[in-house]
Undergrad: 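This is the structure I have questions about; it appears just below.
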Amino acid sequence: MSPRRVVVVGYGMAGARLAEEVRRRDPKGERVSLTIVGAESHTAYNRVLLSSVLAGSLAPDAVRLRGSEHVDLRLDTEVSFVDRSVRAVVLADGETLPYDALVLATGSEPWVPPTEGLRADDGSLAEGVHTFRTLDDCARIVAATAPGSPVAVLGGGLLGLEAARGLAGRGNLVTVVHPVDHLMERQLDAQAGAALAKSLRTLGIELRLGVLATRYLPGDGLKLDDGSHVPADLVVVSAGVRPSADLARSCGLTVERGIVVDNALRTSDPRIFALGDCAEHPGTVSGLVQSAWDQAVVLADLLTGADPSSRYLGTPVVTRLKARDIDLAALGEVHTEPDEPGAEVLRLEDPTRGRYAKLVLREDRVTGAILLGAPDAAAVITQLYDRGAPAPADRLALLLGRALSPVAQAGPADLPASAVICRCNTVSKGQLVSAWRAGARSTGALADATRATTGCGGCRDAVCGLADWLSAQEPQPS
């Protein structure tokens with residue numbers, strides 16, 4: 001029997017992980033013939049680490065993802081439309097790719113606010129205005145800035161602050177303009193937002209909160225709605241993203257905010273699937289990669305027939321701000337207050353040093369946390385949250401980072417293979433074990449093989465512990 005023809009539109013982090021998961025189940029392509037169409041000229045790369053590229057601490061090649069074998073990869077290629085009647089994808093050059101199953105992994109695109117002057121008359125970005133979403137965006141921003149020049153960043157969310165820190169690290173005078181009274185309002189409460197703002201200001205980043213940019217003047221800067229002015233030779237727009245769903249909409253699929261999918265990641269056409277930022281599922285948190293990783297596992301099970309019962313039921317997401325000199329993690333219920341019934345809420349504040357820790361528990365399980373400047377506590381609490389394990393009775397020790405992690409308590413042997421060890425690169429225990437068995441016999445070699453520890457570095461102790469455990473399992477010479 002001929003392999004099933006699967007075409008994936010989109011070669012970002014979701015499409016690349018899907019290919020990896022498919023080939024893990026079908027290494028030689030005997031069950032699935034996989035074709036991937038990518039609009040960018042680059043091979044897939046880790047967008048999570050783009051702020052490090054912008055800061056100059058990582059080279060572009062260092063964030064590229066490993067490709068999969070036995071894949072027909074078409075880079076720098078646009079899709080014109082999908083002809084559902086004959087099950088074919090039509091490329092911009094007229095070539096037709098027939099499919100038995102089609103996967104849309106088209107991701108998301110930056111949202112540019114309707115501020116006067118940000119766009120030229122033809123709808124393109126005005127001179128001096130850049131979005132922050134791709135490797136090419138990073139290259140253009142770096143080429144357009146000089147150390148000491150003023151830069152304005154529109155948006156005080158996760159990506160905006162990563163861009164701001166990266167540019168400040170290059171020596172630019174950065175001002176963040178954010179319409180809400182505190183930073184990262186989706187992931188942080190007001191107290192954490194204030195603590196983060198203080199930390200950023202000590203790093204030389206200026207903040208204008210609770211104000212809107214009303215006009216951009218090229219070569220001059222931004223006028224704000226309070227009558228003030230922000231000087232800027234360059235404006236970086238990082239005000240949010242929206243799902244890239246035009247292709248799905250044009251071929252008649254059900255699209256609301258994103259492409260609507262069920263628990264099997266099927267769209268309104270059962271031959272077409274969607275995952276990642278372009279997909280709309282009740283358990284998906286847009287803009288964060290962990291959902292796409294989990295969806296890729298489910299979809300690979302279904303496309304290869306490895307597990308026809310596999311279903312995607314949602315993702316517990318941990319948000320980390322990947323910016324030099326800032327260690328921030330937020331997860332679950334971040335806005336729960338101490339007086340909420342059924343919740344146990346603890347909070348520690350150290351405003352002088354810009355540190356803040358909040359922990360939310362229900363029935364002895366971690367259901368939410370905000371941890372700024374507390375990397376040891378963040379590592380332990382994140383593992384408790386991921387595993388659904390009971391929290392230690394000494395809550396203060398937990399918040400101070402003095403409690404043992406689940407890995408230390410139970411040992412690496414008790415972690416399931418699916419347990420995520422490195423969140424920046426989404427590396428599981430199973431992947432690290434596979435890399436070890438393939439010859440990566442040290443922490444450094446495991447980092448080279450999987451890129452674990454190469455993001456924020458918060459997983460380094462866990463990877464070292466896993467490496468020590470694996471080494472101890474090796475048969476000793478007699």
Side-chain angles (χ1 to χ4, degrees), residues 10-12 38-42 45 47 50-51 53-56 60 63 75-79 92 106-147 149-168 170 172-179 205-206 208 211-225 228-247 249 257-258 277-278 286-287:
Y11 193 45
E40 291 188 69
S41 59
H42 307 285
Y45 53 88
R47 294 185 197 276
L50 285 184
S51 60
V53 175
L54 190 60
V63 302
L75 296 177
D76 201 17
T77 302
E78 297 281 351
V79 174
T106 48
S108 57
E109 55 195 46
W111 177 73
V112 179
T115 303
E116 182 183 353
L118 290 182
R119 290 193 181 275
D121 292 339
D122 61 0
S124 62
L125 293 177
E127 182 181 355
V129 178
H130 298 269
T131 53
F132 176 57
R133 185 68 181 162
T134 68
L135 266 180
D136 288 339
D137 288 338
C138 288
R140 283 189 285 264
I141 292 169
V142 169
T145 57
S149 63
V151 177
V153 175
L154 282 182
L158 185 67
L159 287 179
L161 297 184
E162 290 180 354
R165 185 65 189 103
L167 287 163
R170 284 189 173 271
N172 292 107
L173 307 178
V174 181
T175 301
V176 174
V177 179
H178 190 53
I205 297 172
E206 296 189 16
R208 300 299 309 278
V211 292
L212 280 169
T214 58
R215 187 180 181 191
Y216 167 61
L217 299 171
D220 182 23
L222 294 170
K223 288 189 174 181
L224 308 183
D225 64 356
S228 62
H229 171 263
V230 173
D233 293 344
L234 187 82
V235 172
V236 176
V237 179
S238 190
V241 297
R242 62 181 183 183
S244 296
D246 288 346
L247 183 63
R249 193 177 287 110
R257 185 179 182 275
D277 280 359
C278 68
S286 62

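Numbers here simply count residues along the sequence, with the first being 1.
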Undergrad: Testing the basics here: between Val176 and Gly155, what is the closest heavy-atom pair and its distance to 0.1 Å?
TA: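 Shortest heavy-atom separation between Val176 and Gly155 comes out as CG1-O, 3.7 Å.
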
Undergrad: What is the distance from atom CD of Glu127 to atom CG of Leu234, rounded to the nearest 0.5 Å?
TA: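 Output value for this atom pair is 10.5 Å.
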
Undergrad: If we only count heavy atoms from C-beta on, is the His229 to Asp220 side-chain gap below 4.5 Å?
TA: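 Result yes, sub-4.5 Å side-chain heavy-atom pair found.
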
Undergrad: For a quick test of reading the model, state the closest non-hydrogen atom pair linking Asp233 to Gly219 and the distance between them.
TA: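 Between these two residues, the closest heavy atoms are OD1-O, 4.4 Å.
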
Undergrad: Heavy-atom distance under 4.5 Å between the side chains of Leu75 and Ser41, does that happen here?
TA: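 They are not in contact (no side-chain heavy atoms under 4.5 Å apart), so the answer is no.
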
Undergrad: What's the separation between atom CG in Asp76 and atom NE2 in His42, rounded to the nearest 0.5 Å?
TA: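 Asp76 CG to His42 NE2: 9.5 Å, rounded to 0.5 Å.
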
Undergrad: Quickly, which of Val236, Val235, Thr175 forms a side-chain contact (heavy atoms from CB on, under 4.5 Å) with Val151? Name it, please.
TA: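 With Val151 as partner, side-chain contact (heavy atoms from CB on, under 4.5 Å) holds for just one option, Val236.
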
Undergrad: Taking all heavy atoms of Val153 and all of Gly160, pick out the closest pair and write down the distance.
TA: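 Closest approach of Val153 to Gly160, heavy atoms only: CG1-O, 3.6 Å.
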
Undergrad: How many angstroms lie between SG in Cys278 and CG in Asp246, if you round to the nearest 0.5 Å?
TA: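 These two atoms lie 11.5 Å from each other.
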
Undergrad: Would you kindly say whether Arg170 and Thr145 are connected by a side-chain donor-acceptor distance under 3.5 Å?
TA: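 On atom types as modelled, these side chains do not qualify, holding no pair under 3.5 Å.
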
Undergrad: To check you understand the geometry: which heavy-atom pair defines the closest contact between Val53 and Cys138, and what is its length?
TA: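 It is CG1-CB, 4.3 Å.
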
Undergrad: Taking atom CZ of Arg119 as the centre, does the number of heavy atoms from other residues, nucleotides or ligands within less than 6.0 Å exceed 12?
TA: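 Result for CZ/Arg119: enclosed.
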
Undergrad: Just so I know, are the side chains of Leu118 and Leu154 near enough to count as touching, which here means a heavy-atom distance under 4.5 Å?
TA: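 Answer yes - side chains close enough.
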
Undergrad: With a 4.5 Å limit on heavy-atom distance, are the side chains of Ser108 and Arg133 in contact?
TA: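 A side-chain contact under 4.5 Å exists here.
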
Undergrad: Taking Ser124's backbone N and O only, do any of them form a donor-acceptor pair with Asp122's side chain (distance below 3.5 Å, no angle check)?
TA: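 At least one qualifying donor-acceptor pair exists.
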
Undergrad: Are side-chain heavy atoms of Pro113 and Val237 found at a separation under 4.5 Å?
TA: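 A side-chain contact exists here, since the closest heavy-atom pair is under 4.5 Å.
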
Undergrad: Do side-chain atoms of Thr214 reach the backbone of Lys223 as a donor and acceptor pair under 3.5 angstrom?
TA: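 Answer holds: yes.
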
Undergrad: At what distance, to the nearest 0.5 angstrom, does NE2 of His178 lie from CG of Leu212?
TA: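 Answer for the NE2-CG pair, His178 versus Leu212, is 10.5 Å.
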
Undergrad: Output yes when a side-chain donor or acceptor of Thr106 lies under 3.5 Å from a complementary backbone atom of Ser244, and no otherwise.
TA: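 Judged by distance alone, yes, a pair lies under 3.5 Å.
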
Undergrad: Return yes if a side-chain donor-acceptor contact under 3.5 Å exists between Thr134 and Asp136, otherwise no.
TA: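 No, Asp136 and Thr134 have no side-chain donor paired with an acceptor closer than 3.5 Å.
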
Undergrad: Ignoring hydrogens, what is the shortest heavy-atom contact between Asp137 and Arg140? Give both atom names and the distance.
TA: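 Distance-wise, the nearest heavy atoms are OD1-NH2, 2.8 Å.
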
Undergrad: Determine the minimum heavy-atom distance between Ala152 and Val230, stating which atoms define it.
TA: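 Where Ala152 meets Val230 most closely, the heavy atoms are CB-CG1, 4.1 Å.
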
Undergrad: Heavy-atom distance under 4.5 Å between the side chains of Tyr216 and Leu222, does that happen here?
TA: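 Yes; the side chains approach each other to less than 4.5 Å.
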
Undergrad: Ile141 versus Leu167: any side-chain heavy-atom pair under 4.5 Å?
TA: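 Yes, at least one pair of side-chain atoms sits under 4.5 Å.
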
Undergrad: As an exercise, state the distance from CG of Asp277 to CZ of Arg242, rounded to the nearest 0.5 Å.
TA: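 Taking CG in Asp277 and CZ in Arg242, the distance rounds to 13.5 Å.
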
Undergrad: Using only atom types and a distance under 3.5 Å, with no angle test, would you say the side chain of Asn172 pairs donor to acceptor with the backbone of Ser149?
TA: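 Indeed, once roles are kept as given, a pair shorter than 3.5 Å links the two residues.
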
